[in-house]
Amino acid sequence: ACEEGQLGVLKFLGDTLGPRILMEQTTDRETCAHMVARDPSAHKLMRYLADKCDADFFLKCDFSGRSCAHLAAAHGSVQALEIIANKELFMQLDDEFVSCAYRAAENGHVGALRVLAKAGKE
């Protein structure tokens with residue numbers, strides 16, 4: 001449901017089985033937030049996850065040490081970054097010692113860089 005951007009299915013699962021099902025990790029240690037972060041148009045899914053899950057959920061990393069913020073920055077998911085706005089999360093380095101800002105810059109996502117810079121000033 002997360003990879004396909006199916007908000008209705010995600011809501012059904014979250015409402016029926018509880019938020020814990022939304023926070024499960026795959027064999028690659030990715031969460032639903034990791035999958036949603038890759039799609040700049042999936043901000044409604046990210047908003048739902050933010051409303052249902054606790055803040056620690058977004059800190060979970062995959063096997064490469066990437067949080068959903070790293071993926072959102074790399075894919076230019078500006079609205080997802082605004083939803084999960086968390087200065088500590090944005091400063092987190094992955095296993096290659098790369099920040100969210102670096103991921104955004106290397107892919108030319110100026111909008112994502114603006115969100116990250118704004119969070120850094122707060």
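Just so you know, residue 1 is the first one in the sequence shown, and it goes up from there.
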(message) Distance check, rounded to the nearest 0.5 Å: Asp39 atom CG versus Gln79 atom CD?
(response) 11.0 Å
(request) Check whether any side-chain heavy atom of Ser64 sits under 4.5 Å from a side-chain heavy atom of Asp94, and report yes or no. (result) no
(request) Could you tell me whether Lys11 atom NZ has more than 12 heavy atoms of other residues or ligands within 6.0 Å of it? (result) no
(message) Working to the nearest 0.5 angstrom, can you tell me the gap between Leu81 CG and His109 NE2?
(response) 10.0 Å
(request) Would you indicate whether the side-chain heavy atoms of Lys44 and Arg47 approach each other to under 4.5 Å? (result) no
(request) Could you tell me whether the side chain of Ile83 reaches within less than 4.5 Å of the side chain of His43, counting heavy atoms only? (result) yes
(request) Give, for atom CD1 of Ile84 and atom SG of Cys53, the distance between the pair rounded to the nearest 0.5 Å. (result) 12.0 Å
(request) Quick one: closest heavy-atom pair of Phe58 and Cys68, and the distance? (result) CD2-SG, 3.5 Å
(message) Nearest 0.5 Å, please: how far is CG in Leu116 from CE in Met91?
(response) 10.0 Å
(message) Within this structure, what is the NE2-SG distance for the pair His70 and Cys61, rounded to the nearest 0.5 Å?
(response) 7.5 Å
(request) State, yes or no, whether a side-chain contact exists between Lys52 and Asp15 at a heavy-atom distance under 4.5 Å. (result) yes
(request) Look at atom OH of Tyr102 and say whether more than 12 heavy atoms of other residues, nucleotides or ligands are closer to it than 6.0 Å. (result) no
(request) Identify the two heavy atoms, one from Cys100 and one from Ala73, that lie closest to each other, and give their separation to 0.1 Å. (result) O-CB, 3.3 Å
(request) Calculate, to the nearest 0.5 Å, the distance between atoms NE2 and NZ belonging to His34 and Lys60 respectively. (result) 10.0 Å
(request) Return the minimal non-hydrogen interatomic distance between Ser77 and Ala37, and the atom names on each side. (result) OG-O, 2.7 Å
(request) Check whether any side-chain heavy atom of Ser67 lies under 4.5 Å from a side-chain heavy atom of Leu59, and answer yes or no. (result) no
(request) Indicate the atoms forming the closest heavy-atom contact of Ala74 with Asn107, along with that distance. (result) O-ND2, 3.3 Å
(request) Taking the side chain as every heavy atom from C-beta outward, state whether Val98 and Leu93 have any atom pair closer than 4.5 Å. (result) no
(request) Count the heavy atoms belonging to other residues, nucleotides or ligands that lie under 6.0 Å from CZ of Arg29, then report whether that count exceeds 12. (result) yes
(message) Within the 4.5 Å heavy-atom criterion, are Phe57 and Asp54 side-chain neighbours or not?
(response) yes
(request) Can you see which heavy atom on Gly14 is nearest to which on Tyr48, and at what distance? (result) CA-OH, 3.6 Å
(message) For residues Phe63 and Leu71: do they belong to one hydrophobic cluster (side chain heavy atoms under 4.5 Å, members Ile, Leu, Val, Met, Phe, Trp, Tyr)?
(response) no
(request) State plainly whether the residues Arg66 and Glu96 are in salt-bridge range, i.e. N to O under 4.0 Å. (result) no
(message) Can you confirm whether Arg38 sits close enough to Glu30 that some side-chain heavy atom of one is under 4.5 Å from a side-chain heavy atom of the other?
(response) yes
